[in-house]
Every structure is written in structure tokens, then in C-alpha cells.
There are 2 protein chains.
Amino acid sequence: MEDQQVGSLRFHIDFSQPLYEQILDQVRSAIAKGEIGLGDKMPSVRELAQELRVNPNTVMRAYQELERDGLTEKRRGQGTFVTSSPEHVRSFRTALAAKYIDSFMDQMESLGLTWNDIQSYIEQKYDAEEGGSMR
Amino acid sequence: MEDQQVGSLRFHIDFSQPLYEQILDQVRSAIAKGEIGLGDKMPSVRELAQELRVNPNTVMRAYQELERDGLTEKRRGQGTFVTSSPEHVRSFRTALAAKYIDSFMDQMESLGLTWNDIQSYIEQKYDAEEGGSMR
DNA sequence: TTAGGTGTATTAAGTGATATAATACACTTA
DNA sequence: TAAGTGTATTATATCACTTAATACACCTAA
């Protein structure tokens, strides 16, 4: 699949998952990682839809979820903007991470794996170090 | 939701996910954790369908996937049995765990979390210890 | 004031995954 | 032979997802 750049946002869209979900995840990621700055203007619904060759309603769905998450704010007639509140980003990131981690731990438990099993695998595969990043 | 016991298998089925997927996951888990023994007979397609109040085709779909995974074997006219090969179970468990872990690490990376962030959260929440289990 | 860009809402339609239902067939065991 | 296996087929229904075509209220800049 091909990557697409729209403003400061990068997208890789395929058909493995719902389109609105991929848009949602990738914008979330960009905000969480600071690839798009606090207060920055997002692409308009119509523009992003056109760039990604997707229906405006599909982009809308992703944008509405982003606002519910507190990651964006809308200004009538002006557009959609990334929240200016670092706390909003931080708390959302924490909550989502917790959700992912809990779900992951349930999966591991269902396979009968211990925490040490997981650590072994990860440290071996990702070569994690004290204080290092994951890559 | 209510739990159901069918032979040595426990099920909790709800409507949060596809039915065949829940059946699949829960049988996998039972095999991986040894809750149902190697070589044991599984409930028949019709019996399990009746117990879970689900269509036989839905159980069939889960059973076919289990066989593709190498976790079960079918004997014509006799029924479906858990594989007698510990290696099959072990290799499947390893492969599935790797898939889960990789997907999880991608999620964490998308939120900009480091391996240490994850460790801190888990050790705090699950109170993991050296050599201990996850619960 | 006007023109064009915002987000939003509505209605209609199509597709695919999921699930149910009813039925039939080949095979094995007792 | 009878009953229990897995399997296959056909039809139907529902729901999530997506597209399409419009329309409306709001804001900004010319």
C-alpha cells in the first residue's frame, strides 16, 4: 500500500480494517507522538476525504471520535484543531495505553504465559535496554 | 453473561465479538492451559451448538479453524479430538503469542511509549515478581 | 454583502461478514 | 440397521461499513 502525506500527517490506508478506524488510529498516533503540534489545524473533512479517496462521512466519523477523546476541538466555520491542552493528550494517552495493556495481558493469560515469558521474548526480539526506546 | 460448562470446557459467550471467534479463542485457551487434555474428545458440533444455543454452522467454523491450527484432529464418524502432539500445542502457542506480542508492541509504539513505560505500568498494576505468574 | 470554506445532518443505496435455518450426504460404531 | 459423527448446500436475515448526493448554519476574506 502507498503512504500519503496530508499536511504534517502521514497515512497508510489499506482494507484490513475499517477506514474510519485507520484514520482515527493514525491521527491519534501523530498527536500522541507530537508529529502534529498542539493547536495545529487539521486538514478539513473534505480535503482529507479527497486526499485519501474516501467519503467525507468516513472522515467525519473519525473526527467526531477524536473530539470525543478530547484530542481535537472544532471551531465553527474555521475547522478542526488539535487540542492546545497537553493534559488532554497526556490523559488520553495514558487511558488508551492502559486499555491496550489490560487487553494484552488478558490475551497472554489465556495462553498461559507468565510475565517472565513475555519479558524474555521482548528483550530477545526487540533488544530492549535500560531506559532505551523500543526500536 | 452466564458461564457454561460443556464437558471439561468452560465458555462465556456474549455479543461483543463474533460467536465463532469467541468459541475459537476459548477452546484454544483451554488447550493451551491444559484444561482439556491431549487426545481428549471434544464435544460434537451438534452438541456444542445446542449447549451454547448457537447454529451448528457457527461451531463448525470454529472447529475448522482449530484443525487448521493443528490443535485438533477429526476422525470420520467418531468426532473431533484434541491433538495428541505436545509439539503442535507448543508451537501454536508460541506462534500466537508472538503475533499478539508484536501487535501489542506496535500499539505501544504508536502511542510513543517505551518498554520501560510498559514495565512500570505492569509491575505496578499486576504486582509481578521475579518468576511469579501474572495473577 | 457576497463567495467560498468550515463542520454537520439526512436519506438512500450497496457490499460483505456474521448468523440462523433446513436439509442432505458419507462415514463409523454399536 | 440405527444413531451419532463431520460436512456441504441453499436461502434468508441482520448489521457494520462505505459511498453518494444534498442541504444547512456558521465563519472568514474579498
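Just the heavy atoms: all of them, side chains too, but no hydrogens, waters or symmetry mates, feed the values below. Keep in mind the model is a prediction, meaning the values are calculated, not measured. In the text below, chain A, chain B and the rest are named by the order of the sequence lines, each starting its count at 1.
We find that CD of A:Q64 is positioned 15 Å from C1' of D:dT18, with the value rounded to whole Å. The separation between B:Q78 atom CD and D:dT7 atom C1' is 16 Å, rounded to whole Å. Residue A:L52 contributes atom CG, which lies 14 Å from atom C1' of D:dT18 at whole-angstrom precision. Atoms CZ (A:R76) and P (C:dG4) sit 23 Å apart, rounded to a whole Å. Atom pair A:R53:CZ and D:dA20:P shows a separation of 13 Å (rounding to whole Å applied). Going from atom CE of B:M60 over to atom P of C:dT18 covers 15 Å, rounded to whole Å. Between the CG atom of A:N55 and the P atom of D:dT22 there is a distance of 14 Å, given to the nearest Å. Taking atom CD on B:E65 and atom C1' on C:dT18, their separation rounds to 15 Å, with Å as the unit.
OP1 or OP2 of C:dG7 sits under 4.0 Å from a side-chain N or O of A:T80. A sub-4.0 Å separation between OP1 or OP2 of D:dC17 and a side-chain N or O of A:R61 is present. Using a 4.0 Å cut-off, no side-chain N or O of A:S44 falls inside it from OP1 or OP2 of C:dG5. Residue A:T58 has no polar side-chain atom (N or O) positioned under 4.0 Å from OP1 or OP2 of D:dT18. Phosphate contact (OP1/OP2 of D:dC26, side-chain N/O of A:K74, threshold under 4.0 Å): absent. When the side-chain nitrogen and oxygen atoms of A:Y20 are compared with OP1 and OP2 of D:dC17, one or more of them lie within a distance under 4.0 Å.
The base of C:dA19 does not come close enough to the side chain of B:N57 for any donor and acceptor atom to sit less than 3.5 Å apart. With hydrogens and angles ignored, a donor-acceptor pair closer than 3.5 Å exists between the side chain of B:R46 and the base of D:dG6.
Distances from the side chain of B:Y63 to the nucleotides C:dA19, D:dC17, D:dG6 place D:dG6 closest.
Between A:R10 and A:Q26 the shortest heavy-atom distance is O-OE1, 4.0 Å.
Each of B:T72, B:T58, B:V45, B:L24 was evaluated against B:Y63; a single residue qualifies, B:V45, per the side chain to side chain contact (heavy atoms under 4.5 Å, CB included) test.
Here B:K33 pairs with A:E109 in a salt bridge; the nearest charged N to carboxylate O distance falls below 4.0 Å. Between A:R90 and A:E87, no side-chain nitrogen of the basic residue sits less than 4.0 Å from a carboxylate oxygen of the acidic one, so the salt-bridge criterion is not met.
Remark: the A:T114 side chain and the A:N116 side chain contain no N/O donor-acceptor pair separated by less than 3.5 Å.
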